[in-house]
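Working notes for the structure below.
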Amino acid sequence: MGTRILRLAIVGGGPRGLAAAEALRARAEETESSVELTMFEPHPAIGAGPHHDPSQTPLNRLNIPLRLIDIAPAGFAGAHVGSFQAWAGGHLAGVGPDDYPSRRDLGRFLTARWHDLLDSVSAQFDIAVARHEAKRLMRDSTRWRMETEEGSFGPFDEVLLTPGHQPVEPDPQLTRWRAHADTIGATLIAAYPSDVLMASARNWQGHTVAIRGLALSMIDVMRALTVGQGGRFVPSTDGLRYEASGLEPARLLPFSLDGVPPAPKPASAKLDAVYDPDAAAIRRFETALAKAVAGSAEEVISMLGEGLAALSAPVCERFGGKEADIASWLTTELSEEAEHAAEDRPPASILADHLAMAEGRAAPSPGYVVGQVWRKLQNSLRRVYNPAEISVETATALVRFDEGMKRFSYGPPALAAAEMLALVRSGLLDLRAVDDPDIAMVQGGWRLSGDKGEATAKVMVDSVLPSPELAKLSGPLLADLRKQGLLSPVGTKLGARTTGEGRVLDASGNPVRGLSMLGRLALGSVIATDSVHDCFGASVGRWAESVTG
């Protein structure tokens with residue numbers, strides 16, 4: 001590149017934006033390139049972002065134990081903050097390998113990495129921070145200019161989009177609910193920020209609170225409305241017992257479309273090791289998957305059925321099960337009409353059984369075994385899928401399966417499941433209406449009616465996070481890029497089309513010069529994006545190499 005200065009912008013200063021900036025810094029050092037980088041991020045905690053904001057409540061936990069958080073040191077010379085494990089050794093006193101750190105703990109580490117990167121600024125690599133929301137991106141000849149409410153920035157040779165959760169078009173149901181709440185004086189509130197939720201909940205004593213969603217965000221809401229109101233969990237003969245403070249709501253009513261609570265991960269390293277495939281088996285799986293993704297969706301589904309049955313059978317047989325049990329379960333799960341029929345039981349019973357499996361007190365079910373094995377194949381999945389060219393049908397099939405498996409592979413700590421059961425026993429958490437209830441707007445709020453009865457809630461908490469479906473994005477920058485035809489969807493309900501290096505493909509399938517995207521909003525072009533490990537994975541290196549030449 002000689003003495004030419006490469007001017008880049010990264011839109012989104014969360015973990016993925018940080019990882020991309022680190023990869024760019026390392027690549028500039030390696031190639032002796034001169035780089036001027038502008039980071040667009042209005043949130044104050046650059047590197048951490050809202051999800052891992054160091055100022056949030058410690059009640060919000062990660063869904064991965066300390067021993068499995070594998071974020072390597074930055075690759076540029078002079079970096080002082082190393083891996084997460086090394087940092088945790090000096091900053092997380094009392095947090096053991098099997099414990100789940102808080103999200104703010106990880107945010108403190110990411111913020112330290114960001115400051116480490118800022119300290120590396122030199123004449124060769126400079127960083128500017130624009131604490132503004134990027135509103136519009138426009139071509140200026142062969143380069144780009146970024147428009148914000150505060151003015152114009154650029155021109156830039158390259159722009160990388162690393163957005164996290166983005167606003168979407170209003171959900172018709174939520175729009176009706178909000179109007180109803182305003183009319184009758186009820187409350188409809190988002191799960192985040194948690195401090196706003198906890199402050200609002202001080203006025204909810206005696207109220208029934210419905211919670212839309214039954215995934216990890218619901219667990220954050222549950223803790224905010226119990227421990228966050230002064231209650232506490234104490235050991236008892238049957239696991240945990242909840243001691244109320246008297247400041248909690250009267251009852252919590254979570255609900256979801258399928259009514260299946262997430263299964264907790266194995267409670268210790270020893271229990272988790274049971275599900276480890278051997279290295280040779282993983283290599284065979286990757287080879288078979290690479291061959292299958294180059295073919296049809298049917299070939300991928302067939303390969304997953306055979307491959308996962310083979311990898312999971314030794315675990316199942318160890319507990320007296322059979323490979324046929326695994327194969328039968330996978331046949332249901334891999335079908336397009338999968339309804340989790342094998343778990344069509346009361347949700348409290350499912351939760352108790354999965355907790356017993358997580359703690360080693362019961363033999364794991366076929367679904368639990370496959371889910372834990374699949375969790376350990378996430379890096380293999382990314383390695384094969386993300387750089388490959390894959391048909392829309394194959395992408396849709398694989399993403400559907402991976403998303404469906406998240407109830408196992410992205411499960412919470414065993415402690416969270418134990419807390420849920422303690423709240424069920426106390427009568428505070430009611431799971432009777434959890435499975436896709438009928439919801440009517442009534443004078444008292446919302447009436448939830450299910451097979452097991454009905455209840456009326458004066459408060460509704462929305463814990464469902466927006467999907468990465470490109471067609472529904474409503475934020476000004478991404479909506480405008482979509483309108484210009486510069487962002488196009490992989491397929492129905494999927495994210496933007498990109499190449500293996502992250503280069504955006506326009507509506508005609510042509511690479512857009514100087515524009516790239518990494519992360520969850522490219523779901524379908526990439527897979528298994530909702531993990532901090534993916535933020536620091538191979539994709540940022542591929543992107544940095546592609547833009548520096």
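This is a predicted model, so every value here is computed, not measured.
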Answer with yes or no whether the side chains of Arg104 and Thr57 bring together a donor and an acceptor at under 3.5 Å.
-> no
Within the side chain of Arg482, is there an N or O that forms a donor-acceptor pair under 3.5 Å with the backbone of Leu473?
-> yes
Begin from the C-alpha positions of Gln56 and Ser194 and carry the test side chain to side chain donor-acceptor pair (under 3.5 Å) through to its verdict.
-> CA-CA 7 Å; Gln56 70 182 286; Ser194 295; 5.3 Å; no
Answer yes when Lys406 and Asp530 have at least one side-chain N-carboxylate O distance shorter than 4.0 Å, and no when they do not.
-> yes
Derivation of the side-chain contact (heavy atoms from CB on, under 4.5 Å) call for Tyr275 and Tyr368 = CA-CA 10 Å; Tyr275 302 93; Tyr368 193 86; 3.4 Å; yes
Quick one: sort the Tyr192 and His51 rings into parallel, tilted or perpendicular, breaks at 30° and 60°.
-> perpendicular
Under a 4.0 Å N-O cut-off, is there an ion pair linking Glu36 with Arg4?
-> no
Backbone N or O of Ala77 within a donor-acceptor pair of the Glu29 side chain at under 3.5 Å?
-> yes
For Asn63 and Tyr410, indicate whether the former's side chain and the latter's backbone hold a donor-acceptor pair under 3.5 Å.
-> yes
Counting only heavy atoms not in Arg67, do more than 12 sit closer than 6.0 Å to its CZ atom?
-> yes
Would you call Arg27-Glu30 a salt bridge at under 4.0 Å N-O?
-> yes
Answer yes or no: does atom NZ of Lys472 have more than 12 heavy-atom neighbours from other residues, nucleotides or ligands under 6.0 Å?
-> no
Glu158/Arg503 ion pair, N-O < 4.0 Å = yes
Under 3.5 Å side-chain donor-acceptor pair for Ser122 and Gln124 = no
Would you find a donor on one side and an acceptor on the other, under 3.5 Å apart, between the side chain of Lys265 and the backbone of Gly411?
-> yes
Do the ring planes of His132 and Phe153 sit parallel (below 30°), tilted (30 to 60°) or perpendicular (above 60°)?
-> tilted
For Trp374 and Phe408, run side-chain contact (heavy atoms from CB on, under 4.5 Å): C-alpha distance rounded to whole Å, both residues' side-chain angles, the deciding distance at 0.1 Å, then the answer.
-> CA-CA 9 Å; Trp374 183 246; Phe408 292 111; over 6 Å; no
Looking just at side-chain N and O atoms, do His43 and Arg131 make a donor-acceptor pair shorter than 3.5 Å?
-> no
Taking NZ, NE, NH1 and NH2 as the nitrogens, is one of them in Asp480 or Lys135 under 4.0 Å from a carboxylate oxygen of the other?
-> no
Determine, for Arg283 against Glu286, whether the closest basic-nitrogen to carboxylate-oxygen distance falls under 4.0 angstrom.
-> no
Can you check whether Thr498's main-chain N or O pairs, donor with acceptor, with Ser525's side chain at less than 3.5 Å?
-> yes
Whether Asp99 side chain and Gly96 backbone form a donor-acceptor pair below 3.5 Å = yes
Answer yes when Arg375 and Asp272 have at least one side-chain N-carboxylate O distance shorter than 4.0 Å, and no when they do not.
-> yes
Full working for side-chain contact (heavy atoms from CB on, under 4.5 Å) between Ile527 and Leu381 | CA-CA 8 Å; Ile527 201 167; Leu381 177 63; 3.6 Å; yes
Would you kindly say whether Asp534 and Ser531 are connected by a side-chain donor-acceptor distance under 3.5 Å?
-> no
Would you say Arg542's side chain and Gly500's backbone share a donor-acceptor pair under 3.5 angstrom?
-> yes
Expected output: side-chain Glu299 to main-chain Ser296 donor-acceptor under 3.5 Å = yes
Donor-acceptor under 3.5 Å (Glu41 side chain, Gly13 main chain) | yes
Dump the intermediate steps for side-chain contact (heavy atoms from CB on, under 4.5 Å) on Leu137 and Leu515, then the final yes or no.
-> CA-CA 10 Å; Leu137 187 60; Leu515 183 61; 3.7 Å; yes
Working for side chain to side chain donor-acceptor pair (under 3.5 Å), residues Arg520 and His165 = CA-CA 8 Å; Arg520 72 186 311 268; His165 294 282; 3.3 Å; yes
Apply ring pair (Phe, Tyr, Trp, His ring centres under 6.0 Å) to the pair Trp87 and Phe109, showing each step before the final yes or no.
-> CA-CA 7 Å; Trp87 179 88; Phe109 165 74; 5.7 Å; yes
Any donor and acceptor pair, going by atom type alone, linking the side chain of Thr162 with main-chain N or O of Gly12 inside 3.5 Å?
-> yes
Distance-minimising heavy-atom pair for Ala496 and Val490 = O-CG2, 3.5 Å
